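Labels below follow one simple rule: chain letters A, B, ... track the order of the sequence lines, proteins then strands, and each chain is numbered from 1. Computed from a predicted model, the values in this text were never measured in an experiment.
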Amino acid sequence: MKGISSQERLRLLYLAVFLSFLFCLLVVRFYQIQIVQGEKWRQIALSQHQHILTEPFMRGSFFSNTAVKPGHPEESQPFVLDVLKYHLFVDPASIREEVRPQLALELEARLGGEKVFPELQKKSRSRRIAQWLDQEEKKKIEEWWGRFCLEYRLPRNAIFFLPDYKRSYPFGSMLGSVLHTIQWEKDPKTHQGVPTGGLELMYDSFLKGKPGKRLMVRSPRRPLDMGKVLEAPENGADIYLTINHYIQAITESELVKGVQAVGGRGGWAVMMDPSTGEILALAQTPNFDPIHYADYFNDPNLLEFTKVKAVTECFEPGSILKPLNAALCLKANEELAKKNRPPLFLPDEKIPTSNGWFPGRPFPLKDGRVHRYLNMDLALQKSSNIYMASIIGRLVDTMGDLWYRQALADIFGLGKKTNVELPAENPGLLPTPGKLHPNGKLEWSLPTPYSLAIGYNVLVNSIQIVRAYGILCNGGYAIQPHIVQKIIKTLPDGRKEQLLDHTHLQKGERLLSREVVDTVIRGLKYTTKEGGSSKRADIYGYTEGGKSGTAEKIVDGAYSKTHNISSFVGFAPATHPRFVLLVSVDDPEAKWIPGIGKQQLGGASAGPIFREIALKALQYLGVAPDDPYGYPKGDPRRDPEKADWAREVEQLKRTYEEWNGP
Amino acid sequence: MRQSLLQIGFVFFCIGFCLYSYLNEQNALTRVKMQLPQKEKELQMIREEMRRLSYQVDQFENPSHLIEIAHRPEFSHLKHPALKEILTVPDEALASCSD
């Protein structure tokens, strides 16, 4: 056998070196891909097999005030909450052309008419074909899909569900105009709901949450709803309102019935606790239904019902301003007494009321019927325009226009916002001496005080009225009407953080003395009794007080005799009132009711609504009847001798007859 | 010699048994850890289901609906009690009674 020659050895060496060199290149390339570019290729691989999905969060809820009965709190009750629903998506790119028609038919049959086929034709990896499906619907579709994708050999994740929270209203349209809602389509970038108005808009920054992140793996075998949560979603803060759901339901149902009964165009009601300023109910009819919000914003005729009329609608209050004027006159008496000057008037003083001529007025003021003489209690009972104008005339002659105007603004807040937590509050208008209207005429002229005396020439909103009467009912102290009691956020670790606390809001500074408010309250008790203008507001079994008002609406630039805003504002029980309640009816039908009188008057149209709401609310609140004999004729519990205020009413009647004849 | 072999065998047996137990335990732990995400998901689903049912109960217990059915003759005997008719017993008193 021959040995290997040196030339062949050299060739072998060269071959070995060359192969080694190739191997080294391989190692270097391996190092480059695996080590130097390793992170880059890992990211590419991850993005092909995994992606990050947004995990939905729950927007904050609104809760009812379930602690209205002292010492008897109930379980928390939401007005609105987010409920988990599912959106159905399809991945058209992973579905073969020939299967699409059959798939579309099957899905359309299950989704109740949603057009699916056009979506399957789109060049996309993700098309939404149904929204807001609930758990049962999702389960049925998944069961069907399990069989379908096997039969037609489609990837299991060709259709997939994404969870989302839908704003839901267990009580339907209750408190709709106050709460409002969020639009069906959320902001695609931030995943936040877009509020339509009301408290959803006012407190959007508290209600918003933060979406989380979930890691999803693309795999034909694994459905897309499994994955690891990388970042937990952060839910929005919950808002606890002062409004009680049961009292709200009472107010809404009685308001609807009452407004329909008098043929009104609409109406609203506000109930407030005078000692704390908590608004217990805020209703209006027609109401705003948040579930069908789009109908309201797309119809100009329905747009007005998206606003909270109690804050946006200003009206001339009419006679309901008279008790406030009486209170100011009594306050003026106290100020005069401090200066050792004689009082403007005395509540029991016999004041002539047959002459309705006042300085600057082109026409005389008139009462419902001619009264020769009245005192304060009689004037409130009969709602006398001439009496009120007389004492206000004395007020401005003694204290001046500016004092009167300041007192209305500073004590009762007329012309100023109440700062209740609702959007678009209209502060109304209180004329100012020396200021001009847009038409160039003076806001305040010679006859202005006499108009203000009877509640004209001033615009107020309902919250201002309720606040003003609240001051009379709580002993004369300032209060802040409010709707939000507290805001609480639940942190991801389960701890609760209080972001806002209004539970400490109680009475503020003293604005009127005890004597002044007691005197006015006493006068207001007569109005709902025999001889009063608001007998239909008498709450059977309970004591109450209040005042009706009928303001003529301005139609075609002039006051109308047939179009009114008729109101009644009252409180119950008369001593330590549990609430103040204002009911306003927009444009009740003008007609004569035998035995009652003109239906369009406040006492006849709004008074009965007040009575029904107040009676049911007092029963719900557990307030024991404090007038056990104050029932209507025919009721076996009635005793006209023992009923509350019976003797006082009889005495007042005798006084009236003595001064004016039977 | 035989005894030494037996001793060595026994030691190896013990080591092997301990190793086997350790690995068995680790496997059991891993099985439980693998189940955790599924359990979390199920817990979340149960919570959501509770929320949905609570919503349905609220819909039925809508106060407007309750006010409506309160007018029916079969419920006419039901009244809201006055606060003074309700006796409240503090939790502390209940706890002391049970002691």
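- A:K69 contributes a side-chain N or O that, together with a main-chain N or O of A:Y620, makes up a donor-acceptor pair within less than 3.5 Å.
- When heavy atoms are compared at a cutoff of 4.5 Å, B:E61 approaches chain A solely by way of its backbone atoms N, CA, C and O.
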List the steps and the verdict of salt bridge (charged side-chain N to carboxylate O under 4.0 Å, His left out) for A:K166 and A:D82. CA-CA 5 Å; A:K166 187 181 182 194; A:D82 276 6; over 6 Å; no
Given B:Q56 and B:L53, is the side chain to side chain contact (heavy atoms under 4.5 Å, CB included) satisfied, shown in steps?
CA-CA 5 Å; B:Q56 287 186 340; B:L53 289 170; 3.8 Å; yes
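- No hydrogens or angles considered: a donor-acceptor pair under 3.5 Å links the side chains of A:D626 and A:T543.
- Between A:K139 and A:E142, no side-chain nitrogen of the basic residue sits less than 4.0 Å from a carboxylate oxygen of the acidic one, so the salt-bridge criterion is not met.
- For chain B, no part of A:F79 is nearby; none of its heavy atoms comes within less than 4.5 Å.
- Applying a 4.5 Å heavy-atom cutoff, none of the residues of residues 5-19 of chain B approach chain A.
- Side-chain N or O atoms of A:D238 include one that pairs as donor or acceptor with a backbone N or O of A:S61 at under 3.5 Å.
- A ring-centre distance under 6.0 Å is found for A:Y246 and B:H80.
- By the 4.0 Å N-to-carboxylate-O rule, A:K140 lies too far from A:E137 to be salt-bridged with it.
- No close placement of the A:F161 and A:H87 rings is indicated, their centers lying 6.0 Å or farther apart.
- Highest contact tally toward chain B, considering only A:P78, A:P163, A:P170, is held by A:P170 [criterion: heavy-atom pairs under 4.5 Å].
- Residue with the most contacts toward chain B among A:K616, A:M174, A:Q135, A:Q619: A:Q619 (heavy-atom pairs, distance under 4.5 Å).
- Among A:D134, A:L618, A:L81, A:I250, the residue with the largest count of heavy-atom pairs under 4.5 Å with chain B is A:L81.
- Judged purely by distance below 3.5 Å, without hydrogens or angles, the side chains of B:E48 and A:Y165 pair a donor atom with an acceptor atom.
- Only the backbone of A:L621 comes within contact range of chain B, with heavy atoms under 4.5 Å apart.
- Interface residue A:Q77: only side-chain heavy atoms are found under 4.5 Å from chain B.
- The greatest number of non-hydrogen atom pairs below 4.5 Å with chain B, out of A:S168, A:A624, A:S253, is found for A:S168.
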